[in-house]
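See structure below.
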Amino acid sequence: MKIYIYLLLTCISFSAIQAQEIRDALRYSQDNLNGTARFRAMSGAFGALGGDLSSINVNPAGSAIFENNQMGFTFNNTSISNNANYFGNTTKETDNSFDLNQAGGVFVFKNQSQSSHWKKFSVAINYENVSNLNNALFSAGTNPSNSIANYFLSYANGVPLNILEDSKYNELGHGAQQAFLGYQGYIINPINTNPTNTNYRSNVPTGGNYYQENTIITQGYNGKLSFNAATSYKDKLYIGINLNSHFVDFTKSSRFYEDNEAPLTSNYTVSRVQFENDLYSYGNGFSFQLGAIAKVTSELRLGIAYESATWLRLNDEFTQKLIGVSANTTEELAPDVVDPNTTNFYEPYKLQTPAKWTGSMAYVFAKKGLISIDYAIKDYSNIQFKPVSDSYYRTLNSTMNTLLSTSNELRIGAEYRIQAWSVRGGYRYEQSPYKNKTTIGDLAGYTAGFGLNLGGTKFDLSYATFSRDTKQGFFEQGLTDGATINSKNNTVTLTLLFEL
């Protein structure tokens, strides 16, 4: 039996053919509960409160609530536990990360004129890690019917044989590259040897019981730098605006492994497969926010805020490697390795995330405590990849419009003060962005914390936990089976604040 090792010299492929998926769009469209420890301890319910550096990212009018200049730094330690269930087999993987989550400052300018109703003007600059993208997933189990070969077949059927025989990996678009890997790795074979043949079959034996492992390691961040301005009218109405610059840096390494125990025959059959994919995405973007807070009475406050879509310009770099081990009744062969050693540099593309509306209400009990509620709406079906003139993007956008839906988010927070100490707690609930509620489930979380006010210096500490179930296919087509994963996120946050 022929042993085939396909190895190209290191090269770069520039491709206009895209490979983006719905999960890529959601990665940059969903927000985590991030920010200062006080903000986190109250589950982010600050839309009608203000007076906190992270509240500016909910309602930009919040900086005009400050009485004095302030600077703050926030540090996070996040632990994620992912429990996977794949066809009845359970596995667990954890990830732990530490980062500087927030840094910023606000400067308050008070109007000394007694005749003016505009009492205060504030400017602020604040950086926050909107999404910590560090994570680790591992799932394993025995699939009774579906092999990785079906992934390669889904791309190969329809592609002429001479394309897969005579082309180089870096000359093809993403779909044809997947077919190329499967063919050159002997995972699939043509029905006949006619150069115009477009039909293929699997070399993986049928009959089921495919043991599969899927490992995904991600690292990176989705950061936002906000430039804020706000003002106060009669100390009863506060209005503000944010201009936001976004930064994305993300890496994803995945390894899929499969073997089977099908009886060997004299025919060439694939016993083991390992498929590796590495993605690096980076880029930047822009968004803006508008907001207002009204003091209806000395105790009651109402807030409304609008966050525009984020317009991102992204770049993707992508590499792949396939290893197949074959056997028959007489021998086990050395691996067939398809390692193009090629980095695909895709054409830069644009992603428009959904806009968000937040309505807020807070009740302040003099200087003793407060209760605050935020309600937010975001329509994920409005996500768009651009340019929309690209037929691939038009199809993907249409699919997202069909599968995704409006998500409602509720955040409730409370604080009680005892002299220099403050005790805080909160609850957060966020609906799934999917209509089926299964691909990504609803999120529920609880928060708690305390703070110590030493006058010019403040210390805040919080603990936040939430859980969410997901069930996404290992691949977008062919092998769409995937593990059910219950993710539990626990974050401890420390903030240092300084009055200037």
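Since the structure is predicted, the reported quantities are computational estimates derived from the model, not experimental observations.
A salt bridge links Asp460 to Arg424: one of the charged nitrogens lies within less than 4.0 Å of a carboxylate oxygen. In summary, Lys378 and Glu409 do not engage in a salt bridge, as defined by a charged side-chain N under 4.0 Å from a carboxylate O. A salt bridge links Glu415 and Arg38; the closest N-O separation between the charged side-chain nitrogens and carboxylate oxygens is under 4.0 Å.
The side-chain heavy atoms of Met71 and Glu499, taken from C-beta on, include no pair separated by under 4.5 Å.
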### Task
Tell me, with the steps shown, if Trp118 and Lys120 meet side chain to side chain contact (heavy atoms under 4.5 Å, CB included).
CA-CA 6 Å; Trp118 298 97; Lys120 198 188 310 178; over 6 Å; no
### Task
List the steps and the verdict of side chain to side chain contact (heavy atoms under 4.5 Å, CB included) for Phe275 and Tyr151.
CA-CA 11 Å; Phe275 187 32; Tyr151 169 80; 3.6 Å; yes
### Task
Under the side chain to side chain contact (heavy atoms under 4.5 Å, CB included) rule, what do Phe475 and Phe256 come out as? Steps first, then yes or no, please.
CA-CA 10 Å; Phe475 302 95; Phe256 181 88; 4.1 Å; yes
### Query
Can you list the steps and then say if Tyr221 with Asn134 is a side chain to side chain contact (heavy atoms under 4.5 Å, CB included)?
CA-CA 8 Å; Tyr221 62 89; Asn134 295 346; over 6 Å; no
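Phe39 and Gly35 get closest at one heavy-atom pair: CD2-CA, 4.4 Å. Nearest heavy atoms, Gln177 versus Asn344: NE2-OD1, 3.0 Å.
At least one donor-acceptor pair under 3.5 Å links the side chain of Thr91 to the backbone N or O of Phe138. Between the side chain of Ser308 and the backbone N or O of Phe288, at least one donor-acceptor pair lies under 3.5 Å. Put simply, the side chain of Asn408 never gets that close to the backbone of Ile377: no donor and acceptor are under 3.5 Å apart. Put simply, the side chain of Ser381 never gets that close to the backbone of Ser405: no donor and acceptor are under 3.5 Å apart. Asn82 places a side-chain N or O within 3.5 Å of a backbone atom of Ala136 that can act as its donor or acceptor partner. Checking side-chain atoms of Asn111 against main-chain N and O of Ser113 turns up a donor-acceptor pair under 3.5 Å.
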For residues 41-54, which side-chain donor-acceptor pairs fall under 3.5 Å, sequence neighbours excluded?
| unit_1 | atom_1 | unit_2 | atom_2 | d |
| --- | --- | --- | --- | --- |
| Ser43 | OG | Tyr427 | N | 3.0 |
| Ser43 | OG | Thr447 | OG1 | 2.7 |
| Asp52 | OD1 | Thr36 | OG1 | 2.9 |
| Asp52 | OD1 | Ser54 | N | 2.9 |
| Asp52 | OD2 | Thr36 | OG1 | 3.1 |
| Ser54 | OG | Thr36 | N | 2.8 |
| Ser54 | OG | Glu128 | OE2 | 2.4 |

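Between Phe385 and Tyr349, the two ring planes are tilted [angle within 30° to 60°].
Sorted by first and then second residue, the side-chain hydrogen bond (donor to acceptor under 3.5 Å, both in side chains) pairs involving residues 359-370 (not counting sequence neighbours) are Ser360-Asp374.
Within 6.0 Å of CZ on Phe365 lie more than 12 heavy atoms contributed by other residues, nucleotides or ligands.
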